[in-house]
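Below is one structure, written out as structure tokens, with a few remarks after it.
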Amino acid sequence: MIYPFKEIERRWQEIWEEGKIFNAKPDPVRKKYYLLEMFPYPSGRIHMGHVRNYTIGDVASRFKMMQGFNVLHPMGFDAFGQPAENAAIKNKSHPAAWTINCINQMRKELKAMGFSYDWEREVSTCLPEYYRWNQWIFLKMFEKGLAYKKAAVVNWCPDCETTLANEEVIEGKCWRCKKEVIQKELEQWFIKITEYKERLLEDLDKLKDWPERVLTMQRNWLGKSQGVEIYFKEKETGEVIPVFTTRQDTIFGATYIVLAPEHPFVRKIIKGLPREKEILKFIDKVSKETSLERTAAGLKKEGVFTGRYAVNPVNNEVMPIWVADYVLMEYGTGAIMAVPAHDQRDFLFAKEHKLPMRIVIRPAGQNLKSAEELTGAYEGAGTQVNSGEFDGLDNQEAKSRIAEWMEKTGTGKITVNWRLRDWLISRQRYWGTPIPVIYCDKCGIVGVPYENLPVELPEDVRFTGKGGSPLNQVKEFVNAKCPKCNAAARRETDTMATFIDSSWYFLRFCSPKFREGPFDKKEAAYWMTVDQYIGGIEHAVLHLLYSRFFTKFLKDLGLLDFNEPFQRLLTQGMVLKDGEVMSKSRGNTVDPDAIISRYGADTLRLFILFAAPPETELEWDEKGIEGAFRFLNRVWRIRENLAEKADMDLARTMHKTIKKVTEDIREFKFNTAIAAIMEFVNAIYQSAADREVFSRLIIMLAPVAPHFCEELWHGLGNKESVFKAAWPEYDPALLVEDQVTVVVQVNGKVRAKIEVPSDIRDEKLRELALGDEKVISWMQGKSPKNCIIVPRKLVNIVV
RNA sequence: GGGCAAGUGGUGGAAUGGCAUACACGAAGGACUUAAAAUCCUUUGGCCGUAAGGUCGUGAGGGUUCAACUCCCUCCUUGCCCACCA
């Protein structure tokens with residue numbers, strides 16, 4: 001017989017919703033627990049990745065609830081973004097209609113999984129009641145000078161006529177139309193996240209319960225590097241060319257200088273030179289290249305000599321100034337000193353263009369003399385040579401000595417360089433939060449007054465995909481009055497990147513309907529911080545970095561009293577099929593809905609948790625689903641054969657299981673928790689469960705298979721939800737065994753097992769082990785040299 | 001090129017210094033059945049052996065230890081992230 005999952009799941013979903021048992025209210029007496037999973041982009045249907053993410057969170061949430069915590073477990077939709085607009089262009093519809101449709105569909109599917117969300121707190125970022133607070137926060141940043149406008153080189157898709165975020169550029173091409181992305185200089189809005197770089201780096205040390213992997217990725221992204229800015233002078237004019245390096249110990253090996261093609265200095269120094277035309281042609285060629293072409297392979301480095309020379313401040317050597325594509329304007333000063341003997345890129349370039357090399361660091365134990373011997377740059381540590389007064393020093397020592405020398409002589413300055421750039425947030429797109437500023441000919445850039453928020457998106461808009469942002473065509477939107485002088489003015493038509501929306505949504509969940517600000521300070525003080533955050537590793541840098549930044553900014557505004565939003569972070573692994581990531585483009589997806597209608601949500605949840613630990617990849621297995629279904633039916637049948645009283649052995653197994661399951665769920669080891677429950681069920685089949693044993697089994701399984709267990713729980717005559725039942729405690733006294741099996745090894749190999757009283761003394765245990773027949777025969781008459789005893793576990797006799 | 005993670009039966013995985021392969025899938029056999037399905041029970045790492053038992057075995061090689069899947073070193077493979085970052 002198969003248990004009637006369809007009817008059961010539908011019924012309990014309704015009862016839970018009507019009973020509002022998952023709706024959260026602050027309660028100063030109980031300990032709060034805020035559990036959050038990354039909210040989805042409403043693309044239409046939920047996929048297995050969502051199912052996995054949200055199932056993991058749901059089990060943790062229900063478990064905490066049963067342990068007596070006051071749990072906040074909200075859900076919402078990250079609803080702005082390009083796909084809705086693309087769909088609108090394709091279907092000749094409206095992004096809002098498309099998005100609302102998707103949200104309704106996804107909400108229905110999430111409910112069909114039986115997730116324990118407080119749906120009264122649902123937020124959608126595309127609603128004015130939400131995005132007005134994006135605008136509010138933006139204006140606060142604008143006031144503090146953290147939001148600013150500047151000309152910048154950005155990714156631009158010529159077909160879609162819009163800027164693209166870096167993540168929207170796949171292998172140098174537009175993710176939508178596959179057209180090659182070009183670089184274009186445009187006036188854009190930026191947020192000065194760099195102002196917070198030190199705090200963003202330092203506070204990473206506080207995040208003890210984040211995966212090391214994510215912390216490393218954030219550190220790399222911030223990219224703090226200590227070095228020296230060295231002032232080289234142009235030979236003729238004496239004009240200073242600053243160069244950033246982390247390897248000032250190699251400065252005596254510098255044989256030429258390279259400027260990035262975009263470097264403003266280049267045009268200046270070549271003016272009037274015979275090579276001017278050739279160089280300009282080169283610069284033009286490089287600037288036309290896509291970033292993909294420019295960085296492709298990384299081997300072919302092109303460049304030209306400018307005809308000018310620079311002077312090395314440490315030895316007054318004169319060296320040629322080159323322009324080359326391998327130097328980037330965005331990093332450092334856009335200029336480098338090239339040390340071909342000790343930098344692989346410089347090495348390749350020098351070989352190509354027959355530039356000189358000089359060894360200045362000698363590796364220990366090797367006698368590198370001439371640069372001709374080199375087959376590649378030596379980038380390791382060693383002793384200074386050919387380095388004037390610094391000869392003979394260890395290069396680490398020389399690093400600090402040379403830096404000091406430069407500070408003293410004014411030829412350089414100790415500097416810290418960061419990789420982190422300011423955050424480009426403007427998009428020439430309709431479906432996003434309008435940037436709340438107005439351009440006035442007299443007053444300049446003026447923020448929209450707070451009382452006029454939200455600046456709402458106009459609804460009557462045509463979506464053609466051509467001619468830039470559709471907002472430009474809406475006269476009623478563009479034409480505005482200057483808030484300061486009331487003169488006719490122009491409204492900003494760029495919208496915000498959607499990462500803004502998700503940078504603070506976890507705060508909105510604390511008071512989703514609050515009207516006086518982005519969130520109620522009191523509510524946030526109660527619920528925040530997020531105790532457990534769960535989501536994909538793909539957000540390791542962007543979303544998680546932006547959210548950390550927003551939190552710090554809002555703290556500085558006095559709205560929060562903590563620095564970090566997420567206490568613990570779990571990054572769940574991907575769902576694979578046949579060893580490949582499940583994805584639409586591969587066409588190897590499995591539709592959760594189909595599984596639900598065939599086996600029920602509880603079976604799907606059970607399989608997904610049992611098949612692998614949360615952080616690792618999960619291989620989809622149709623047979624595994626059947627196994628999970630079979631197990632639930634096996635539990636279902638127990639209720640028909642309950643005994644008056646279970647025997648002592650089963651009671652003992654139960655307490656052991658309670659201990660194991662409680663510890664495992666606490667540590668998110670759901671697969672082994674389920675394995676322990678399965679063993680317990682096998683033990684029940686070997687004996688017989690009574691009411692009490694069965695009740696506890698149901699409670700332990702309830703977070704994993706909620707509808708199923710709720711039904712069984714009520715079948716036992718309980719009136720309240722199983723999720724109001726207390727999580728079972730185990731009796732430590734019952735876990736103590738009087739007899740234990742001790743393994744006896746001879747020279748580290750298991751040779752015998754002996755049953756002994758658990759409180760046996762070491763000497764007695766040793767005596768018993770040495771007296772064992774098998775042990776005696778394996779010792780072959782030799783006397784024991786050593787005897788290691790691990791109480792209650794093992795004896796190892798060394799002969 | 002750099003960083004991180006991983007590598008265990010036919011498969012997903014368990015064990016984080018102390019009995020390698022828990023639990024599940026798959027496979028084989030049995031019970032029930034006129035039969036099948038379902039269910040319940042048993043067996044299931046390789047090799048040698050009728051068996052008792054022996055022996056090998058956690059990507060490869062070395063090391064530490066009474067004892068290593070686990071710790072250290074070198075290498076190989078795979079996956080992910082970053083990347084002309086000076």
Side-chain angles (χ1 to χ4, degrees), chain A residues 1-2 211-217 219-221 223 225 227-228 243-248 250 258 260 294-301 324-328 330-339 342-346 348-349 376 379 417-419 537-538 540-541 571 573-574 576 579 581 606-607 610-613 615-628 630-631 633-634 637 660 669 671-682 685-686 741-753 774 784-790 792-799:
Chain A
M1 197 192 90
I2 283 172
E212 198 50 49
R213 201 146 87 93
V214 175
L215 296 176
T216 309
M217 282 163 84
R219 280 193 193 100
N220 290 345
W221 189 266
S225 70
V228 179
V243 154
F244 177 74
T245 182
T246 55
R247 289 299 304 272
Q248 61 273 18
T250 63
V258 190
R294 188 160 163 187
T295 58
L299 295 168
K300 217 177 70 206
K301 301 181 193 329
D325 60 355
Y326 77 99
V327 174
L328 308 174
E330 310 89 84
Y331 189 79
T333 60
I336 63 156
M337 64 174 200
V339 185
H342 303 291
D343 182 290
Q344 186 60 21
R345 292 155 303 173
D346 298 340
L348 292 173
F349 190 79
E379 296 179 334
N417 215 333
W418 295 76
R419 180 182 307 180
I537 187 80
E538 65 272 20
V541 174
T571 50
M574 298 208 235
L576 311 183
V581 177
L606 177 66
F607 164 73
F610 180 60
E615 312 80 21
T616 59
E617 292 173 335
L618 182 148
E619 177 68 31
W620 181 260
D621 177 12
E622 203 69 37
K623 293 282 190 197
I625 281 278
E626 274 175 42
R630 209 149 48 210
F631 171 73
N633 279 301
R634 197 167 148 87
R637 282 189 294 273
K660 171 90 176 139
K669 288 151 86 175
N671 55 333
T672 50
I674 291 165
I677 293 174
M678 284 173 169
E679 280 182 82
F680 182 37
V681 168
N682 290 343
Y685 266 75
Q686 296 298 319
T741 309
V742 169
V743 173
V744 185
Q745 298 180 326
V746 178
N747 284 338
K749 293 203 185 224
V750 181
R751 295 306 183 186
K753 289 177 187 184
K774 284 188 197 150
K785 227 195 291 180
N786 196 3
C787 190
I788 284 97
I789 294 176
V790 183
R792 298 157 52 86
K793 265 192 186 159
L794 170 138
V795 179
N796 188 11
I797 299 159
V798 188
V799 297

Per-nucleotide protein contact along nucleotides 11-29 of chain B, 5' to 3', at a 4.0 Å heavy-atom cut-off (B base, S sugar-phosphate only, - neither), is -BSSS--BB--BBSSS---

Taking for N786(A) and for Y685(A) the nucleotide of RNA chain B with the nearest heavy atom, the one nearer the 5' end belongs to Y685(A)

Using the P atom as the reference point in each nucleotide, state the distance between rA22(B) and rG12(B) in Å, no decimals.
15 Å

Taken in chain and number order and not counting sequence neighbours, the residues that satisfy side-chain hydrogen bond (donor to acceptor under 3.5 Å, both in side chains) with N682(A) are R634(A)

Say you pick atom C1' in rU64(B) and the same atom in rU70(B); how far apart are they, in whole Å?
-> 13 Å

Is the ring pair F607(A)/W620(A) parallel, tilted or perpendicular, if the boundaries are 30 and 60 degrees? perpendicular

CG (D343(A)) and CZ (R247(A)) are apart, to the nearest 0.5 Å, by 8.5 Å

### Task
Please work out if F631(A) contacts a base, only the sugar-phosphate, or nothing of the nucleic acid, heavy-atom cut-off 4.0 Å.
nothing

Item to complete: Using modelled atom types only, decide if a donor and an acceptor are shared between the side chain of Q745(A) and the backbone of L794(A) within a distance under 3.5 Å.
Response: no

- Distance between P atoms of rG30(B) and rG79(B) (Å, rounded): 44 Å

Rounded to whole Å, CZ of R219(A) lies from P of rC4(B) at a distance of 12 Å

Rounded to whole Å, CG of L348(A) lies from P of rA86(B) at a distance of 17 Å

Roughly how far apart, to the nearest Å, are rG13(B) and rU8(B) at atom P?
9 Å

Per the O4'-C1'-N9-C4 / O4'-C1'-N1-C2 angle with a 90° window around 0, rG9(B) comes out syn

When you compare rG7(B) with rC56(B), how far apart are their P atoms, in angstrom units rounded to a whole number? 25 Å

Check: Do the side chains of E615(A) and I537(A) get nearer than 4.5 Å, heavy atoms only?
Finding: no

To the nearest angstrom, the CG-P distance between D346(A) and rC85(B) comes to 10 Å

_Using the P atom as the point on both nucleotides, what is the distance between rG9(B) and rA60(B), in whole Å?_
10 Å

Comparing Q686(A) with T216(A), nearest RNA chain B nucleotide closer to 5' gives the residue T216(A)

In whole angstroms, the gap separating P of rC82(B) from CG of L215(A) amounts to 16 Å

Which is true for E379(A) with a 4.0 Å heavy-atom rule: it touches a base, it touches only sugar-phosphate, or it touches nothing? nothing

Separation of rC85(B) atom C1' from D343(A) atom CG, nearest Å, is 11 Å

Rounding to an integer number of angstrom, what distance separates rA15(B) and rC69(B) when you compare their P atoms? 16 Å

All N/O pairs under 3.5 Å across the protein-nucleotides 52-58 of chain B interface:
from, atom 1, to, atom 2, distance (Å)
rU55(B), OP2, R751(A), NH1, 3.2
rC56(B), OP2, K749(A), NZ, 3.4

**Prompt:** Under 4.0 Å between a side-chain N/O of Q344(A) and OP1 or OP2 of rA86(B), yes or no?
**Reply:** no

Stems in RNA chain B, runs of 3 or more consecutive Watson-Crick or G-U wobble pairs with both distances under 3.5 Å, sorted by first number, are B:1-7 with B:76-82, B:10-12 with B:23-25, B:26-31 with B:39-44, B:45-48 with B:53-56, B:59-63 with B:71-75

Taken in chain and number order and not counting sequence neighbours, the residues that satisfy salt bridge (Lys or Arg N to Asp or Glu O under 4.0 Å) with R630(A) are none

Residues passing the salt bridge (Lys or Arg N to Asp or Glu O under 4.0 Å) test with D346(A), sequence neighbours excluded, are none

For V541(A) and M217(A) the tightest heavy-atom approach is CG2-O, 3.9 Å

Heavy-atom closest pair (W221(A) atom, R419(A) atom, distance to 0.1 Å) is O-CB, 3.6 Å

Between V795(A) and V743(A), is there a side-chain heavy-atom distance shorter than 4.5 Å?
no

Discussion item. Using only atom types and a distance under 3.5 Å, with no angle test, would you say the side chain of N796(A) pairs donor to acceptor with the backbone of G748(A)?
Written reply: yes

- Does a side-chain heavy-atom distance below 4.5 Å link V744(A) with K774(A)? no

Exercise for review: For nucleotides rA52(B) and rU43(B), find the distance between their P atoms and express it as a whole number of Å.
Suggested key: 14 Å

Between CG of N747(A) and P of rA67(B) the distance, given in whole Å, is 9 Å

Atom CZ of R419(A) and atom P of rC85(B) are separated, to the nearest Å, by 9 Å

Check: Should the pair K623(A)-D621(A) be classified as a salt bridge under the 4.0 Å nitrogen-to-oxygen rule?
Finding: no

In whole angstroms, the gap separating C1' of rA83(B) from OH of Y331(A) amounts to 12 Å

Testing rC66(B), rC85(B), rU39(B) for proximity to the side chain of R345(A), the answer is rC85(B)

